[in-house]
Amino acid sequence: MSKKLYCVFGKPIKHSLSPIIHNYFGKKNNIFLYYNAINIFNKIKLIKEWITFLKINGIGINVTIPYKQYAIKLAEKLSYRSKISQSVNTLIIDKKNNLIYGDTTDGVGLIRDFHRLKIKVLKKRILLLGAGGAINSILQQLLDLGPNKIYIVNRTLLKCKEIINRFNIKNIMNFCSYNDLKNKKPFDIIINGTSLSLKKEKIFLYKNIFKKKSIAYDLMYSKKITNFLKIAIKYNAKIYDGLGMLIEQAAETFYLLNNVRPKTKKLHIKIRNLLNNY
Ligand code: ATR
């Protein structure tokens, strides 16, 4: 039996957990695969690697930061969730229809992780930090779960306006500056989608946006606790990082590429231990 070839493109990619996750799914489901992580230091390299990948008869790729938006250009057809979020994290080589199909599994990944963690969105007051690719890729799935209100906060307010118009959600969504947060009531769920955690920069958040048992979820994850989650602990929130989302989005991508839905329960423990011992 020949190996199914797929890989992830991103920068930085050295510590990517995706090869471990996909190899685990492959083993557990008797799918023989080879999954590689490729460091893509610029867009020219991305095109070159993509052409090579097409030549070697791969089944598809994952795309991660910072190319999720740019990868839209490589797709000939986009899923609804990719179109609305303007983001692609999975490119599938659809041989039957002879086209490249672009999709994003990030939003589904977050919602499945919320389900696992028993975090409810229905009628909840939500605050989103950031208005970049990460927030765009989860917004539709959050909206589908019927929140009461979503506030979006960003340094560049124009980006918030553009999101609210694109998703056509003026009735439940509003935006403000970080400074305006000092006048806001507490939120049930606060999600960090800024790139601050990756850059390890500091973030300032007013105490009043937290209440006891607010959920603080960082879309990023790292071995060390992120600055956002540090603040959340100080204000007594329940904290979660994005490692669970990573596993769940990978499971959805595995399903799209192999038509098999992998079980994830045991993998959450395994990957957490692995990250802690990195
Ligand atoms: P990603 O695809 O990871 O979301 P991005 O599209 O570059 O990356 O978006 C990064 C987000 O982090 C943006 O919302 C950005 O704010 P701006 O749109 O105002 O640039 C936010 N961000 C990055 N550095 C920040 C900082 N020092 N303080 C606050 N927000 C920051």
Side-chain angles (χ1 to χ4, degrees), residues 8-13 15-18 39-43 46 61-75 78 81-91 102-110 113 126-142 150-167 173-182 184 187 190-206 209 216-222 226-232 241-243 245-246 249-250 253:
V8 57
F9 285 1
K11 180 181 78 173
I13 205 72
H15 297 295
S16 172
L17 295 166
S18 292
N39 188 33
I40 303 287
F41 43 83
N42 61 30
K43 288 174 184 167
L46 188 140
I61 66 166
N62 269 153
V63 181
T64 188
I65 291 168
Y67 299 112
K68 288 184 186 182
Q69 251 177 322
Y70 187 72
I72 290 177
K73 292 188 203 297
L74 304 181
L78 286 179
R81 48 196 192 189
S82 268
K83 267 188 215 153
I84 189 84
S85 66
Q86 297 190 348
S87 165
V88 155
N89 79 344
T90 307
L91 284 165
D103 201 350
T104 173
T105 60
D106 286 338
V108 174
L110 177 74
D113 202 39
I126 299 178
L127 175 66
L128 304 178
L129 310 180
I135 290 298
N136 269 284
S137 68
I138 59 158
L139 194 48
Q140 186 60 53
Q141 283 73 21
L142 279 177
I150 298 186
Y151 266 90
I152 182 163
V153 59
N154 198 40
R155 283 182 314 193
T156 320
L157 291 176
L158 252 179
K159 284 194 195 168
C160 302
K161 275 191 198 161
E162 190 277 319
I163 289 179
I164 293 173
N165 288 336
R166 176 158 33 93
F167 284 83
M173 195 146 173
N174 215 329
F175 67 94
C176 65
S177 66
Y178 282 94
N179 203 32
D180 288 343
L181 283 178
K182 65 172 176 282
K184 297 283 178 259
F187 293 88
I190 304 173
I191 299 175
N192 178 37
T194 69
S195 47
L196 278 168
S197 305
L198 277 183
K199 294 181 193 158
K200 301 194 170 67
E201 283 176 24
K202 289 247 166 19
I203 188 167
F204 176 80
L205 293 171
Y206 290 101
I209 62 169
Y217 192 106
D218 201 327
L219 297 180
M220 305 294 164
Y221 62 88
S222 69
T226 64
N227 285 324
F228 164 67
L229 294 182
K230 269 188 201 159
I231 299 175
D241 69 7
L243 192 65
M245 174 180 163
L246 173 84
Q249 66 75 30
T253 293

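One-based numbering, in listed order, for ligands and for the atoms of each.
Contact annotation: for Thr156 versus ligand 1, heavy atoms closer than 4.0 Å belong to both the backbone and the side chain. Here Leu196 has side-chain heavy atoms under 4.0 Å from ligand 1, and that is the only part of it that gets that close. The part of Lys159 lying near ligand 1 is the side chain, judged by heavy-atom distances below 4.0 Å.
Taking a cut-off of under 4.0 Å to the non-hydrogen atoms of Asn154, the atoms of ligand 1 that pass are 13 (C), 14 (O), 15 (C), 16 (O), 17 (P), 18 (O), 19 (O). Near Gly132, meaning under 4.0 Å from one of its heavy atoms, ligand 1 places the atoms 4 (O), 6 (O), 9 (O), 14 (O). Taking every heavy atom of Ala134 and a limit of under 4.0 angstrom, the matching atoms of ligand 1 come to 1 (P), 2 (O), 4 (O). Ligand 1 places these atoms under 4.0 Å from at least one heavy atom of Ala131: 14 (O).
For the pair Ser195 and ligand 1, the shortest N or O to N or O distance falls below 3.5 Å. Checked against a 3.5 angstrom limit, the closest N/O atoms of Met220 and ligand 1 fall outside it. Residue-to-ligand polar distances place Gly133 within reach of ligand 1: an N/O pair is separated by less than 3.5 Å. At a 3.5 angstrom cut-off on N or O pairs, Gly130 does not count as close to ligand 1.
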task = Evaluate salt bridge (charged side-chain N to carboxylate O under 4.0 Å, His left out) for Lys68 paired with Asp106, printing each intermediate quantity in order.
result = CA-CA 11 Å; Lys68 288 184 186 182; Asp106 286 338; 2.8 Å; yes
message = Between Ile152 and Cys160, is the side chain to side chain contact (heavy atoms under 4.5 Å, CB included) condition met? List the steps.
response = CA-CA 7 Å; Ile152 182 163; Cys160 302; 4.0 Å; yes
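Formation of a donor-acceptor pair under 3.5 Å by the Thr156 side chain with backbone atoms of Leu158 is not found in this model. Panel note: side chain Ser82, backbone Leu78; no donor-acceptor pair is recorded below 3.5 Å.
Crowding of Lys73 atom NZ: a count of heavy atoms from other residues, nucleotides or ligands under 6.0 Å not exceeding 12.
Looking at every heavy atom in both residues, Ser137 comes nearest to Ser85 through CA-CB, 3.8 Å.
The salt bridge (Lys or Arg N to Asp or Glu O under 4.0 Å) test applied to Arg166 returns Glu162, not counting sequence neighbours. A search for side chain to side chain donor-acceptor pair (under 3.5 Å) contacts involving Asp180 returns Ser177, not counting sequence neighbours.
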